[in-house]
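Protein chains get the first letters and strands the later ones, always in sequence-line order, with residue 1 at the start of each.
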There are 2 protein chains.
Amino acid sequence: MPPSSPLRPDPEAATQSDPLLDFDLAAFLPYRLAAAAARISRSFAERYREEFGISIPEWRVLAHLNHAGPVSVRDIEARADMEKSKVSRAVSRLEAAGYVSKAVNDDDKRLLVVQLTDAGRALLRRLLPVAMQFQAEMLSRLGPAAEGLDAGLALLLAGDGITHDTGAPHRGNAKQGF
Amino acid sequence: MPPSSPLRPDPEAATQSDPLLDFDLAAFLPYRLAAAAARISRSFAERYREEFGISIPEWRVLAHLNHAGPVSVRDIEARADMEKSKVSRAVSRLEAAGYVSKAVNDDDKRLLVVQLTDAGRALLRRLLPVAMQFQAEMLSRLGPAAEGLDAGLALLLAGDGITHDTGAPHRGNAKQGF
DNA sequence: TTGACTTTGTTGCACATGCAATGAATCTTT
DNA sequence: AAAGATTCATTGCATGTGCAACAAAGTCAA
């Protein structure tokens, strides 16, 4: 018989009290995931805002542009896991700040060609090391648990959308983390 | 010499190209965490909104009340990882819906006593099984990786705030996931 | 070619959010 | 006891968000 861990409680024990079971939010996996993500994002965003004056949606756009070269809004939407309106606004802000340029694709005039400017590339040269260091801090906090965490995330992300280099738009709606 | 994994790239290789390193957002751990959390939260929120008409902040308040009995806003703030204004508004909505009652603590009149009503308890009896099932679906998707994921989350949450039964308020600010 | 349908990006709108400011109650210090 | 500092909850405000509606461009079939 397998042991009853906090994550997988003994199904026998679950049937015990009908009146109101003692559900602990702190042990609820979706909540834990959301809370951890919110905490990490908060500190990352704070650092980026203070140091570079950009938000996370903007960071995502820049990072994707660096990786992929000139792309359309639709492309960013798929690869950076953001709604198209969010992408559109982030790109506009970045354009206003001079970090990217927007042009119309001549082959298909519905599409935008978003591209890094020299200023954008210069910003990225300062941005990327900070991101790498942030991840390094995370990994050092995680230690050997990092592999396990990442494997779990891969499974959750594999579901229908984002995987390594396999982008697809997502559906559904939810304001914030659980 | 240890192998160079995507998570821990070979430091030698990192020094290769000065112009612009090829940073892949899809492999960036903070992004992966945020994207996975967003996806899970989205589908959870959708289910709860459709079926019960409540939002995630409201769900968190209800879950904590069920676990802890009558509490103040400050208590919820700590245990449910939400800003106090968010808690205050969620509690007000729940009160308007008849699921909780608000009263003034007689010992300390600054504190609120938020309490489940009968309707609130009845709602929870319907709510909790859905949450449990949602978590079960998550676990089944994760399989053996669940333990590793949860261990990683525990380390990230241990930092300064939420742990199993050790609540503390948090600082910093960030709109959404990375 | 024309007309229906689809895709792409932007925007109006309603709503949620975080932060700072506020008012009330309590605690601390003198 | 009085004055100052602190804690708790609420709210005004600016901002970010998702969704739906929209216009422009492209596709496809008759």
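- Using a 4.0 Å cutoff on non-hydrogen atoms, the parts of residues 91-103 of chain B near DNA chain D are B:Lys102, ordered by number.
- Taking only side-chain atoms of B:Leu111, from C-beta outward, the nucleotide of C:dT10, C:dT17, D:dA9 with the closest atom is D:dA9.
- D:dG16 atom P lies 8 Å from atom CD of A:Glu58, rounded to whole Å.
- Between B:Arg49 atom CZ and C:dC15 atom P the separation is 13 Å, expressed in whole Å.
- Spacing between atom CD1 of B:Ile76 and atom P of D:dA9 amounts to 9 Å, rounded to whole angstrom units.
- Classification of the B:His67-B:His64 ring pair by plane angle, with boundaries at 30° and 60°, yields tilted.
- Taking atom CZ of residue B:Arg39 and atom P of nucleotide D:dG18, one finds them 14 Å apart after rounding to whole Å.
- Hydrophobic clustering, with ILVMFWY side chains joined whenever heavy atoms are under 4.5 angstrom apart, groups A:Phe28 together with B:Leu62.
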Discussion item. Please encode protein proximity along nucleotides 24-29 of chain C as a string of B, S and -, counting only heavy-atom distances under 4.0 Å.
Written reply: -BS---
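- Atoms CD (B:Glu77) and P (C:dT17) sit 14 Å apart, rounded to a whole Å.
- Using a 4.0 Å cut-off between charged nitrogen and carboxylate oxygen, A:Arg74 and A:Asp108 do not count as a salt-bridge pair.
- To the nearest angstrom, C1' of D:dT17 lies 15 Å from NZ of A:Lys84.
- Where B:Arg89 and B:Ser72 each meet DNA chain D at their nearest nucleotide, the meeting point lying more 5' is that of B:Ser72.
- Put simply, the side chain of A:Leu25 reaches to within 4.5 Å of the side chain of B:Arg60, judged on heavy atoms.
- In this entry the distance linking CG of A:Leu112 with C1' of D:dG26 reads 16 Å, nearest Å.
- Distances were taken from every side-chain heavy atom of A:Arg74 (C-beta onward) to each of D:dT11, C:dT8, D:dG18; the shortest belongs to C:dT8.
- Contact detail for B:Ala146 and B:Leu139: the closest heavy-atom pair is CB-CD2, 3.6 Å.
- The closest donor-acceptor contact from the side chain of B:Tyr48 to the backbone of B:Leu127 lies under 3.5 Å.
- The shortest distance between the side-chain N/O atoms of A:Ser88 and the OP1/OP2 oxygens of C:dT10 is below 4.0 Å.
- Put simply, the side chain of A:Leu142 reaches to within 4.5 Å of the side chain of B:Leu29, judged on heavy atoms.
- Atom CD1 in A:Ile56 sits about 18 Å away from atom P in D:dT15, given to the nearest Å.
- Residues B:Phe52 and B:Trp59 keep their aromatic ring centres 6.0 Å or farther apart.
- Taking CZ of A:Phe23 as the start and CG of B:Leu128 as the end, the distance is 6.5 Å to the nearest 0.5 Å.
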